[in-house]
2 protein chains.
Amino acid sequence: MTLARVAGELGVSAMTVSNAYNRPDRLSGALRERVFETADRLGYNGPDPVGRSLRRQRTDVVGVLYSNPLSYAFDDPAAVSFLRGLSAVTEGADLGLLLVPAASGSSGGRDPRAAAQAAVDGFVVYSMSDEEPLLAAALGRDLPAVVVDQPFREGVPFVGIDDEAAAREAAGHLLELGHERLGVVSFALSPDGREGVADLGRQGGAAFHVSRSRLRGYRGAIEDADLPWPEVPVYECPGSTAALGHRAAGALLSLQQRPTAILASSDQLALGVLAAAEELGLSVPGDLSVVGFDDVPQGAVADPPLTTVRQDHDEKGSLAGRMLVSLLRGEDGPGPRRLPTRLVVRASTAPPPRLRAATGGALP
Amino acid sequence: MTLARVAGELGVSAMTVSNAYNRPDRLSGALRERVFETADRLGYNGPDPVGRSLRRQRTDVVGVLYSNPLSYAFDDPAAVSFLRGLSAVTEGADLGLLLVPAASGSSGGRDPRAAAQAAVDGFVVYSMSDEEPLLAAALGRDLPAVVVDQPFREGVPFVGIDDEAAAREAAGHLLELGHERLGVVSFALSPDGREGVADLGRQGGAAFHVSRSRLRGYRGAIEDADLPWPEVPVYECPGSTAALGHRAAGALLSLQQRPTAILASSDQLALGVLAAAEELGLSVPGDLSVVGFDDVPQGAVADPPLTTVRQDHDEKGSLAGRMLVSLLRGEDGPGPRRLPTRLVVRASTAPPPRLRAATGGALP
DNA sequence: CTGAAAGCGCTAACAT
DNA sequence: ATGTTAGCGCTTTCAG
């Protein structure tokens, strides 16, 4: 059933039917009623969205691009929180939110054709690596786009945090407590899915801006304390889940020189570290200190509650949404911005065992 | 930049360019290369998705309809889990997932026009009330649709659980422990946003199938135990959050006849009940037993761990996805189905105070 | 292997 | 207040 057939049935022009739906003011109320009545009778549901989009050159849909399979996003509390903030804004603006399917290819990256095939007015690019072909494909479409947690790209608005400074603060906290043997559990450095200890070369060549910056922050703080960065083991996880953090901690804690503290790139990973420590009979923070990143709710109620770097994912999503909406409307909106972070010290960090003994009980 | 202009530039027909993208086999490799090269040079990104959808009468997108503002879905662990299962299947089938924006109207329901305006090949209707105009609008479009957690509608495939039997089991557990004064914290009975104790009339007229069935299950078990259902206070919350559960418990626990056990329609609500009990200085399960519904991860690590009804939300989403995909492809797929549930007894339930005293210490 | 014709359903711009 | 014309960008069908 089409607009034209409803018009035919009624003996009016197609425009009149179209106007009944889109411009009530250009139509007598009576005729409008008759149009709807006829439409109802014929089972016409209003203008076809695709025809309308083609004609208006507008879909009223925002596309979300994610670096991993979509279902992973729903496993990550940080991503969920981001989507909540984003969806609140897009729904408020009456825009649909399209989760773009980009089945991962063999290279580990996601299928760049996905960007070309999405019927959207703009993109929110979330947590993607710098060289991902999908990112290039999306930006190449010359639609409004907002990039989240990425480095600045000429002309592309972005939202993020100062990852390097935040990481530096996290590491600084451990250093101040007196730790000298640190370990890092990082999420992916590149989309190739590799897991294991990453050498200096791989660290420097990291394609994920976020991972690279955090590593740089950890490194900066450690070198400022005159400790040798090359001796800090960096275990790379191809994702951000407790299971991967668990495995990483297993590897790090069985090293000859076992770290007394672990810096994790996310709370999910840190939660896995906590679980691994418990299994190994190590007490946290007695034998091992752990710092997370993100401040997701689960971290606050973990055992022990996690020291972490707080960032507001909800606000990140909301801000990205507001930026994109104003871009779509051609209005001025919020500009590129780095959101604040804050170190939240809870119970998963303490001085290293040696010092604690010295302070706690070993007086002359 | 359009397909036709690329064709013009190359001196071939539009069809040839179209085929380069869609039917590589109908084209010499050399020509195909030249087409892509020219496209690249002109900044053409491949066939426009909207034009293509209009012509093919297919969008390769599945729409998700939700009873509440979309952002609420991301607050509800059960919904998130459902979306994870669903998105894994749709992405596997190379379909986009469109979160349809249906800004809520004044009646509390959601805007039915949203369904008409979504450019999709089919719908997944999640957790919607029976009489929601949006539901009717969606089904009226005569697209393939799968309804989740809803009652059977002639010809519309559905996925759900046996809410009544599951609720009956939950209530039965409390009754077996010896509880005689129960209270219920239910989520919405109708989309009108009302909060407070619901009388029998409102209970019977509940527009949300899930709420109605669970109430019926609770009631059945209670009446089977020869206890008077009308004396069981049912507090209705217009959503499923810990904050609402907290408020509900506040009301229920300040009643003259304070319940010794509370049945909550979701773990989120139950978690709020736990918090309220703690604030009131009531020990759970010492002074108060609490049973949730859903078995979300937070329930298992709550203090005390929550007794609840387990259901597999992930599988629910996955099954709904598989049903819709096979419908879209015109293949046979899984049929309508009720997924299994199971009562998981943890530490939030115990015999009521009176009996515990009698059993515990007061022997002759 | 390549192309011509036709039309998917709609609405902007311009009449009347 | 209503109608006419044109064309958004693409691909199906059929012919070479």
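Chain identifiers are assigned alphabetically (A, B, ...) following the order of the sequence lines, protein sequences preceding nucleic acid strands; residue numbering begins at 1 within each chain.
A salt bridge links B/Asp60 with B/Arg58: at least one charged nitrogen is closer than 4.0 Å to a carboxylate oxygen. A salt bridge is absent between B/Arg84 and B/Glu315: the closest approach of a Lys/Arg side-chain nitrogen to an acidic carboxylate oxygen does not fall below 4.0 angstrom.
A pairwise comparison of heavy atoms in B/Met128 and B/Leu135 identifies CG-CB, 4.2 Å as the closest pair. Contact detail for B/Tyr21 and B/Pro47: the closest heavy-atom pair is CG-CD, 3.6 Å. B/Val62 and B/Val120 make their closest contact through C-CG1, 4.1 Å (heavy atoms, listed as atom of the first residue, atom of the second, distance).
Atom CZ in B/Arg58 sits about 18 Å away from atom C1' in C/dG9, given to the nearest Å. For the pair B/Arg5 CZ and D/dC10 P, the computed distance is 11 Å after rounding to whole Å. Rounded to an integer number of Å, the gap from CG of A/Asp48 to P of C/dG9 is 7 Å. Here the P atom of nucleotide D/dC10 and the CG atom of A/Leu54 are 9 Å apart, to the nearest Å. Protein atom CD of B/Gln117 is 15 Å distant from nucleotide atom C1' of C/dG9, rounded to whole Å. Here the P atom of nucleotide C/dA12 and the CG atom of A/Asn22 are 7 Å apart, to the nearest Å. In this structure, OH of B/Tyr21 is placed 15 Å from P of D/dG9, rounded to the nearest angstrom. Spacing between atom CZ of A/Arg56 and atom P of D/dG9 amounts to 16 Å, rounded to whole angstrom units.
Nucleic acid contact for B/Leu27: sugar-phosphate only, since backbone atoms but no base atoms lie under 4.0 Å from a heavy atom of the residue. Using a 4.0 Å heavy-atom criterion, one finds that B/Arg23 contacts the sugar-phosphate atoms exclusively.
Within the structure, a side-chain polar atom (N or O) of A/Gln57 is placed less than 4.0 Å from OP1 or OP2 of D/dG9. Proximity of A/Tyr44 to the phosphate of C/dG9: no side-chain N or O atom is located under 4.0 Å from OP1 or OP2. For D/dT11, the OP1/OP2 oxygens have a side-chain nitrogen or oxygen of B/Arg52 closer than 4.0 Å. A/Arg32 has no side-chain polar atom (N or O) that falls below the 4.0 Å cut-off from OP1 or OP2 of D/dA1. Not one side-chain nitrogen or oxygen of A/Thr2 sits closer than 4.0 Å to the OP1 or OP2 atom of C/dC8.
For the residue pair A/Ser127 and A/Asp149, no side-chain donor N or O sits within less than 3.5 Å of a side-chain acceptor on the partner. The closest side-chain donor-acceptor pair between A/Arg32 and A/Ser28, if any, does not fall under 3.5 angstrom. Donor-acceptor pairing under 3.5 Å is recorded for the side chains of A/Asn22 and A/Arg52. Judged by distance alone, the side chains of A/Ser318 and A/Arg322 do bring a donor and an acceptor atom under 3.5 Å apart.
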**Report entry** Working for side-chain contact (heavy atoms from CB on, under 4.5 Å), residues B/Leu98 and A/Val61
**Finding:** CA-CA 8 Å; B/Leu98 179 68; A/Val61 171; 3.8 Å; yes
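Helix-axis bend for the helix from C/dC1-D/dG16 to C/dT16-D/dA1: the local axis fitted to the five terminal pairs at one end deviates from that at the other end by 30°, rounded to 10°.
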Pairs under 3.5 angstrom, nitrogen or oxygen only, protein versus nucleotides 3-6 of chain D, please.
unit_1: D/dG3; atom_1: OP2; unit_2: A/Ser13; atom_2: N; d: 3.0
unit_1: D/dG3; atom_1: OP2; unit_2: A/Ser13; atom_2: OG; d: 3.4
unit_1: D/dG3; atom_1: OP2; unit_2: A/Thr16; atom_2: OG1; d: 2.6

